[in-house]
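To start, the structure itself, in structure tokens.
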Amino acid sequence: MYSDQDKAEILVDALPYIQEFYGTTVVIKYGGNAMINDTLKENVMRDVALMKFVGIRPILVHGGGPEITGFLKKVGKESTFVSGLRVTDEETVEIAEMVLDGKLNSEIVGLLNLRGVRAVGLSGKDAGLIKAQKKLATVYENDTAHQVDIGYVGEVTEIDTGLITDLLDQGYVPVVAPIGMGAHGESYNINADYVAAEIAGALHAEKLLLLTDVEGVYKNFADKSSFLSQLRMDEAREYIRSGIIEGGMIPKVEACLRALEAGAHKAHIIDGRLAHSIILEIFTSRGIGTMVLR
Ligand SMILES: NC(=[NH2+])NCCC[C@H](N)C(=O)O
């Protein structure tokens with residue numbers, strides 16, 4: 001166990017970062033295991049409370065994939081996926097919105113408020129926060145790519161940061177469900193990583209933190225010593241092009257690149273399965289994940 005002296009030193013070691021990030025905005029994509037496991041969930045809520053009370057302005061964007069799938073099953077709807085994207089008819093997007101906004105969002109808001117954080121739940125429909133349009137899935141057949149309509153799966157076309165900025169200025173913590181609104185008022189289910197990236201970019205946030213179910217980026221996944229603690233944008237693009245970054249890591253790194261291109265300062269891929277990974281990444285010099293920078 002730590003002595004009181006050790007604890008004092010740990011706090012003082014964090015001081016440079018507390019000073020550096022005081023008053024800055026940090027967008028956190030909350031999903032995966034950190035959202036499913038109750039202990040991890042509790043940890044994340046405390047990490048967010050800690051950030052808030054040392055003067056950071058956190059914003060949470062949450063996912064909901066497994067819960068949506070579970071609820072669809074309950075009502076007898078099986079999900080089919082095309083290139084990793086859920087085929088989303090009108091009934092499916094209605095259920096996705098119910099689960100994301102009605103259940104998960106209000107659950108997170110409740111947990112944060114229990115911790116003394118004045119969290120406010122939002123969906124992309126609130127005050128025009130997330131404007132969206134249909135996203136087509138790309139399918140490859142005999143080496144030729146074509147686009148397939150999979151329904152109400154969306155991509156962000158515009159972020160209106162007005163409401164979020166007002167809430168942050170008033171000391172609230174916005175919690176955003178990744179639902180976007182189309183030109184005719186229709187709802188779109190959007191990948192939460194991309195929503196978080198767009199919001200971080202639009203706000204010129206200090207950081208985007210992606211809580212994932214991996215440690216970060218490896219140059220060679222089989223070799224644990226090839227972990228990339230830092231990655232520049234040009235390197236990241238090159239690694240995607242050359243296949244070093246592959247599979248499920250591509251959209252994560254692309255979300256980081258998008259956030260930086262749009263105006264965020266840094267983007268971090270961190271392991272949400274690890275207790276207090278947010279605090280370790282932000283308040284230590286080495287961090288624990290992969291930091292993507294300009
Ligand atoms: N994966 C890394 N290399 N992280 C370094 C983090 C440094 C510092 N705590 C920051 O948040 O900016």
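Indexing begins at 1, ligand by ligand and atom by atom, following the structure's order. Numbering of residues begins at 1 and proceeds along the displayed sequence.
- Classified by interplanar angle (parallel below 30°, tilted 30° to 60°, perpendicular above 60°), the ring pair Tyr17/Phe21 is parallel.
- The existence of a salt bridge linking Lys125 and Asp101 is excluded, since no basic side-chain nitrogen approaches an acidic carboxylate oxygen closer than 4.0 Å.
- Taking a cutoff of 4.0 Å between a charged side-chain nitrogen and a carboxylate oxygen, Arg232 and Glu238 do not qualify as a salt bridge.
- Residue pairs meeting the side chain to side chain donor-acceptor pair (under 3.5 Å) criterion with at least one member in residues 152-166, sequence neighbours excluded: Gln133-Glu155.
- Side-chain contact annotation: Ser225 with Asp223, donor-acceptor N/O pair under 3.5 Å present.
- When heavy-atom distances to ligand 1 are checked against 4.0 Å, the residues falling inside are Tyr17, Phe21, Lys207, Ser229, Gln230, Lys266, His268, Glu281, Ile282, Thr284, Ser285, Arg286, Gly287, Gly289, Met291, ordered by chain and number.
- A 4.5 Å side-chain heavy-atom check between Leu168 and Pro174 finds at least one atom pair inside the cut-off.
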